[in-house]
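What follows is a short report on a single structure.
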Amino acid sequence: MIDGKFPENFLWGTATAAHQVEGGNHGNDWWAWEQVPGHIKNNDRSDPACDQYERFRTDFDLLRSLHQNAHRLSLEWSRIEPAPGQFSATALAHYRDVLQALRDRGLEPMVTLHHFTNPSWIVAAGGWEAAGTAEHFASFAERVTDELAGLARIWITINEPTVVAYQGYVRGEWPPGKRDLGAALRVVATLIRGHWLAYERIKHRHPELQVGLAHHLRIFDPFRWFAPQDRAVAAAFTRVFNETMLRSLREGRLVFPLRHSNARGPRDSQDFIGLNYYTRELVRFNHRYRAELFGQRMQVEPTPRSDLAWELYPEGLYRTLMGLRREQLPIYVTENGIADRDDALRPEYVLTHVKAMLRAIQAGAPVRGYMHWTCFDNFEWAEGYSAKFGLIACDPVTQERRVRPSGRLYAEICRRNEVPATVELPPAAQPPVEPGDPTDRR
Ligand code: FCB
């Protein structure tokens, strides 16, 4: 059994996205999408979510009481820039208060500038299919960092560009609901350009900031390890989903399969790697899956799975971190978590993934922090409130917060800065925390 300390000053926290927790975001594409019956499970809507636009102070008190020392959050572009070039002083002041509230509690902020949502005016101008969106985004990034640079050191330009393109333009399950591979490739290209421009402008004005991007990386393994076609498909998935983005940012050019592009950007445009890791997928060659690179995703039973049927595969975190050593950059795990309504598997998920991370660190992976996804159950995009990822249960109707056993286990890891050799969880039955009342000091 691995038993050991994490490096000094390791960041331990949780991650959120504005639209998933704030409530009241009515000026973006997701809100419009939520109004159409059938788009979101149970026709849930993101308002009020966790009502965190109002409750951030008491919520941060609770995170602090659980011994976290960092917090990842995103700023809602549609609040800050409700019309092109018009910046809202109220929204900027709000986020200044939010970041200051984190600092006051000893929680190091990690700020994401784009986490899936787009202002309605960006959508009207063609969204990320339109080349000009990269410039709009960079101007937004510049303005925001000019205002808030003094309050946060670590900045993430864009969350999961490949997921944006895949869900919105290949599967069509997220806005804008297209199924068009050509559009998806254009979108990835513009997202990368948006990152390049934002990176250059931020670093030019604030060289002291650490700027990166949050990559969603999965392990793709062949369904039948002995079948050459399955291995070829798994390798192709790895190249397209995991490596294209990293290589493009390293080399300063778009290295797309299936598409030639002359677009150029700065080399080495990441100061760190943000890694979102959840699970692995087994892929099998199937000639009918043309639009998905001939790869059919398979499940093997029996395997422990989350409520969304994602495999629990902690070894994948180890493998991914070890692979990322070649980038020679500091790494933050910017998301890692499980949908588990009953908290039946989450304690084990937390423990095994944190151990896998420690093994990777001991083998030389430069990991500097871990943000669990997520603190409070929240609006999980197309899954609505049905998928519960929180270390802390949060009822969107009563706004009651209740720390789950996994939340107490995670608090123990954060407090000790090590993986406990034996785990003794405090008794499960806990009185609920009153809405907005952080008196829970477990
Ligand atoms: C990630 C997203 C995050 C959340 C988790 C479960 O892909 O970045 O917003 O939806 O998955």
Side-chain angles (χ1 to χ4, degrees), residues 13-26 28 30-31 33-35 37 39-68 71-74 76 79 94 97-98 101-102 105 107 115 117 306-308 337-347 349-350 372-411 425-442:
T14 46
T16 63
H19 194 71
Q20 295 183 267
V21 296
E22 282 182 352
N25 284 319
H26 296 183
N28 66 34
W30 265 91
W31 178 252
W33 180 257
E34 292 157 29
Q35 308 313 306
H39 277 171
I40 311 291
K41 203 175 252 175
N42 305 318
N43 295 321
D44 287 344
R45 291 186 180 158
S46 61
D47 200 3
C50 308
D51 189 28
Q52 206 176 73
Y53 197 82
E54 301 298 334
R55 296 169 193 258
F56 63 93
R57 289 191 179 83
T58 47
D59 278 350
F60 296 165
D61 284 341
L62 181 52
L63 301 183
R64 181 64 206 155
S65 76
L66 295 170
H67 306 291
Q68 298 175 22
H71 186 64
R72 176 177 174 223
L73 79 175
S74 79
E76 176 57 31
R79 282 190 195 272
H94 169 81
D97 289 349
V98 168
L102 288 172
R105 289 158 182 79
L107 294 156
H115 197 128
T117 53
S306 78
D307 293 346
L308 293 175
I338 178 171
D340 180 16
R341 165 182 299 269
D342 299 329
D343 210 41
L345 297 174
R346 190 177 291 101
Y349 186 100
V350 169
H372 190 82
W373 185 275
T374 181
C375 30
F376 303 102
D377 291 341
N378 60 38
F379 179 77
E380 179 47 43
W381 310 113
E383 304 295 331
Y385 297 106
S386 70
K388 303 207 178 287
F389 275 90
L391 293 166
I392 303 165
C394 175
D395 183 323
V397 177
T398 63
Q399 291 300 331
E400 178 191 297
R401 276 82 166 131
R402 188 192 290 262
V403 181
R404 293 194 166 107
S406 56
R408 295 193 298 279
L409 165 64
Y410 186 57
L425 290 176
Q430 299 285 345
V433 182
E434 286 306 311
D437 172 5
T439 48
D440 185 347
R441 296 282 173 229
R442 290 180 288 263

(message) If you apply the rule side-chain contact (heavy atoms from CB on, under 4.5 Å), what do you find for Asp97 with Phe56, and how did you get there?
(response) CA-CA 9 Å; Asp97 289 349; Phe56 63 93; 4.2 Å; yes
(request) Examine distances only and state if a side-chain atom of Thr374 and a backbone atom of Ala15 form a donor-acceptor pair shorter than 3.5 Å. (result) yes
(message) Under the rule for side-chain hydrogen bond (donor to acceptor under 3.5 Å, both in side chains), what residues qualify as partners of Asp44, not counting sequence neighbours?
(response) none
(message) Under the rule for side-chain hydrogen bond (donor to acceptor under 3.5 Å, both in side chains), what residues qualify as partners of Gln35, not counting sequence neighbours?
(response) Arg45
(message) The criterion is side chain to side chain contact (heavy atoms under 4.5 Å, CB included); which residues satisfy it with Ser46, sequence neighbours excluded?
(response) His19, Trp31, Glu34, Phe379
(message) Check whether Tyr410 reaches the backbone of His67 with its side chain - one donor and one acceptor, N or O, closer than 3.5 Å.
(response) no
(request) Could you tell me whether the side chain of Asp340 and the main chain of Ser306 form a donor-acceptor pair under 3.5 Å? (result) no
(request) Verify side-chain contact (heavy atoms from CB on, under 4.5 Å) between Val98 and Tyr53, making sure each step is shown before the conclusion. (result) CA-CA 9 Å; Val98 168; Tyr53 197 82; over 6 Å; no
(request) Tell me, please, which residues at least two apart from Asp343 pass salt bridge (charged side-chain N to carboxylate O under 4.0 Å, His left out). (result) Arg346
(message) Using side-chain heavy atoms (C-beta onward) and a distance below 4.5 Å, is Arg401 in contact with Cys50?
(response) yes
(request) State whether the side chain of Glu22 and the backbone N or O of Pro48 hold a donor-acceptor pair below 3.5 Å, judged by distance alone. (result) no
(message) Do Thr14 and Arg72 have side chains that approach each other closer than 4.5 Å (heavy atoms only, starting at C-beta)?
(response) no
(request) Kindly indicate whether a cation-pi arrangement holds for Arg55 with Phe376, taking the cut-offs as under 6.0 Å to the six-membered ring centre and within 45° of the axis. (result) no
(request) On the 0 to 90° scale, with breaks at 30° and 60°, tag the His115-Trp381 ring pair as parallel, tilted or perpendicular. (result) parallel
(request) Mark yes or no for whether Tyr385, through its side chain, and Lys41, through its backbone, hold a donor-acceptor pair below 3.5 Å. (result) no
(request) Compute whether any side-chain donor of one residue and acceptor of the other, for Asp59 and Gln52, lie under 3.5 angstrom apart. (result) yes
(message) So Leu73 and Val21, do their side chains get closer than 4.5 Å, heavy atoms only?
(response) no
(message) In the structure I gave you, are the side-chain heavy atoms of Glu400 and Cys394 within less than 4.5 Å of one another anywhere?
(response) no
(message) Between Leu391 and Ser406, is there a side-chain heavy-atom distance shorter than 4.5 Å?
(response) yes
(request) Using side-chain hydrogen bond (donor to acceptor under 3.5 Å, both in side chains) as the criterion, list what pairs up with Glu380, not counting sequence neighbours. (result) Gln20
(request) Using side-chain hydrogen bond (donor to acceptor under 3.5 Å, both in side chains) as the criterion, list what pairs up with Glu76, not counting sequence neighbours. (result) Asn28, Ser78, Thr117
(message) Using modelled atom types and a 3.5 Å cut-off, is there a donor and acceptor pairing between side-chain atoms of Asp307 and backbone atoms of Ala387?
(response) no
